[in-house]
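Here's the structure, in structure tokens; my notes come after.
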Amino acid sequence: MPELPEVETIKRGLENKIVGKKIRDIIVGNFKIIKSLSKSIFINELKNKVIKKICRRGKYIIIDLYPKKNLVIHLGMTGLLIYPYVENCDEIISGKIKPKHNHVIFNFEDNTKLVFNDVRRFGKVYLVSDMREVESINKLGLEPLEECFSVEAFSHILEKKKKNKIKSLLMKQDIIAGLGNIYVNEILYRANIHPLRQISSLTKEESKKLYLEIKSVLTEAVKFGGSTVADEAYRDTNGEKGKFAKKLQIYARKGELCKKCGNTIEVIKIEGRSTFFCLHCQKL
DNA sequence: AGGGGTACCTGCGGGC
DNA sequence: TGCCCGCAGGTACCCC
């Protein structure tokens, strides 16, 4: 699912709409989604809390509540946050969003609802008093769109991880937080680097180009509200598709012709994930 | 340390 | 038409 641009789009959507609202009650349809607390505690703790602030870290959405608690949401592959959720909006938005996959419903005091819907149920919801309780967030690496992700920081990472294949490295959340399969494919294509290249083989120019493409692909994707590939699940909080999909030049384009050189786009599996590339533009 | 496999889920499209 | 297979934006855990 959602990688950094999609999660950032959802975060911005919620920010404009639910900050300041008070939670009246919660309906949890599937407790397997809820981590780190019993269901009754989860529901009781959330009642009467006010949404104070919304942040993003990697692919996580962090909702600060008052009195102090943090609601942390990871969308997995197919998680969605829909607001405002109204009866039958599933059909209006898209046949893809089925009410039977509404796993958590937040009812606000003004009678509006925020719905967490997730077909495949890989998503996770945590409620904690301290962010340090969410182990996986502690381990996240640099935020690629923040200043901390500088050319120097990136060179330092490459230096430390020389033996990795470049695609494997970019996919690691504990190194750079927020990249996933779509954007890694896209970034490597634009940087003309084969996904299986050993990091130690990258020239200075290639590393620099790669750094710039990470920043520019993500920035542009955020600007376009992320990517909804073909007719897949991702939607923003209003149920709208991400408009960056039509800008994707390599992802899911097996057999099509490379826009730069006209060669046929190939696909291989790397660590179990489909990896698309043009062997002419991205030499091994 | 890095690489591979599997598991967690549902739904869709293709091949037969 | 139906069944089986492989595939899908992620992560965690196991093994070598």
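Only a predicted model underlies this, so the values are computations on that prediction, with no experimental measurement involved. Below, read A as the first sequence line, B as the second, and so on, with proteins coming before strands; counting in each chain starts at 1.
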Sequence neighbours excluded and cut-off under 3.5 Å, please list the side-chain donor-acceptor pairs for residues 218-226 of chain A, or say none.
{"unit_1": "A:T219", "atom_1": "OG1", "unit_2": "A:K215", "atom_2": "O", "d": "2.5"}

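In terms of polar N and O atoms assigned as donor or acceptor, the side chain of A:R120 comes within less than 3.5 Å of the base of B:dC9 in a complementary pairing.
In this structure, A:F122 packs face-to-face on the six-membered ring of B:dC8, meeting both the 5.5 Å centre cutoff and the 30° plane limit.
Here the separation of B:dT6 from C:dC5, taken at their P atoms, is 15 Å to the nearest Å. Separating the P atom of B:dC9 from that of C:dC13 is a span of 15 Å, rounded to the nearest Å. A gap of 24 Å separates the P atoms of B:dC8 and C:dC3, to the nearest Å. Between B:dA1 and C:dG10, the distance separating the two P atoms is 24 Å to the nearest Å.
Between the A:N30 side chain and the A:K32 main chain, a donor and an acceptor come within less than 3.5 Å of each other. Here the side chain of A:R121 pairs no donor or acceptor atom with the backbone of A:G123 at under 3.5 angstrom. In terms of modelled atom types and a separation under 3.5 Å, the side chain of A:S168 and the main chain of A:N164 share no donor-acceptor contact.
For the pair A:N117 CG and B:dG11 P, the interatomic distance rounds to 11 Å; values are reported in whole Å. In this structure, CG of A:L80 is placed 15 Å from C1' of B:dC9, rounded to the nearest angstrom. Between the CG atom of A:L170 and the P atom of B:dG3 there is a distance of 13 Å, rounded to whole Å. If you measure from atom NZ of A:K269 to atom P of B:dG3, you get 18 Å, rounded to the nearest angstrom. The interatomic distance linking A:Y234 (OH) with B:dG11 (P) rounds to 22 Å, in whole Å. Separating the CG atom of A:L75 from the C1' atom of B:dC9 is a distance of 16 Å, rounded to the nearest angstrom. If you measure from atom CD1 of A:I157 to atom C1' of B:dA1, you get 17 Å, rounded to the nearest angstrom. Atom CG in A:L179 sits about 11 Å away from atom P in C:dT11, given to the nearest Å.
Among the atoms of the strands shown, none is found under 4.0 Å from any heavy atom of A:K139. Residue contacts for A:A233: at a heavy-atom cut-off of 4.0 Å it reaches a base atom on one of the strands shown. Residue contacts shown for A:S136 are limited to sugar-phosphate atoms, with no base heavy atom under 4.0 Å away. A:Y251 comes within 4.0 angstrom of sugar-phosphate atoms only, judged by non-hydrogen atoms across all strands, and of no base.
Among pairs with a residue in residues 186-210 of chain A, those fulfilling ring pair (Phe, Tyr, Trp, His ring centres under 6.0 Å) read A:H194-A:F277, at least two apart in sequence or across chains.
For the pair A:K35 and A:Y126, the cation-pi test (distance below 6.0 Å, angle within 45°) is failed.
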(request) Kindly indicate, with the supporting measurements, whether the criterion side-chain contact (heavy atoms from CB on, under 4.5 Å) is fulfilled by A:L210 and A:L170. (result) CA-CA 10 Å; A:L210 181 54; A:L170 297 178; 4.2 Å; yes
(request) Output, in order, the C-alpha distance, side-chain angles, deciding distance and verdict of side-chain hydrogen bond (donor to acceptor under 3.5 Å, both in side chains) for A:K269 and A:S274. (result) CA-CA 5 Å; A:K269 288 272 183 209; A:S274 291; 3.3 Å; yes
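With a cut-off of 3.5 Å on both pairing distances, the Watson-Crick and G-U wobble pairs of DNA chain C assemble into stems of 3 or more at B:2-8 with C:10-16, B:10-16 with C:2-8.
When distances are taken from the side chain of A:K124 to each of B:dG2, C:dT11, B:dC9, the shortest belongs to C:dT11. Across C:dA8, B:dG11, C:dT11, the shortest atom-to-atom separation from the side chain of A:Q173 is found for C:dT11. Closest contact between the side chain of A:H101 and the listed nucleotides B:dG11, C:dT11, B:dG4 involves B:dG11. Of the candidates B:dG3, C:dG10, C:dC7, B:dG3 carries the atom nearest the A:E271 side chain, counting heavy atoms from C-beta on. Of the candidate nucleotides C:dT11, B:dG4, C:dC7, C:dT11 has the atom lying nearest to any side-chain atom of A:K59. Proximity note for A:M171 (side chain, C-beta onward) versus C:dG10, B:dT10, B:dG11: the nearest is C:dG10. Listed candidates were B:dT10, C:dA8, B:dG2. Nearest to the side chain of A:N164 is B:dG2. Each of B:dC12, C:dG10, B:dT10 was ranked by its minimum atom distance to the side chain of A:K98; first place goes to B:dC12. Closest to the side chain of A:R273, from the set C:dG10, B:dG2, C:dA8, is C:dG10. With C:dA12, B:dG2, C:dA8 as the choices, the nucleotide that has an atom nearest any side-chain atom of A:Y60 turns out to be C:dA12.
Taking the six-membered ring where the residue is Trp, A:Y251 and A:F276 present perpendicular rings, their angle passing 60° and hence far from 30°.
Taking only side-chain nitrogens and oxygens, A:R121 comes nearer than 4.0 Å to OP1 or OP2 of B:dT10. Proximity of A:K100 to the phosphate of B:dG11: a side-chain N or O atom is located under 4.0 Å from OP1 or OP2.
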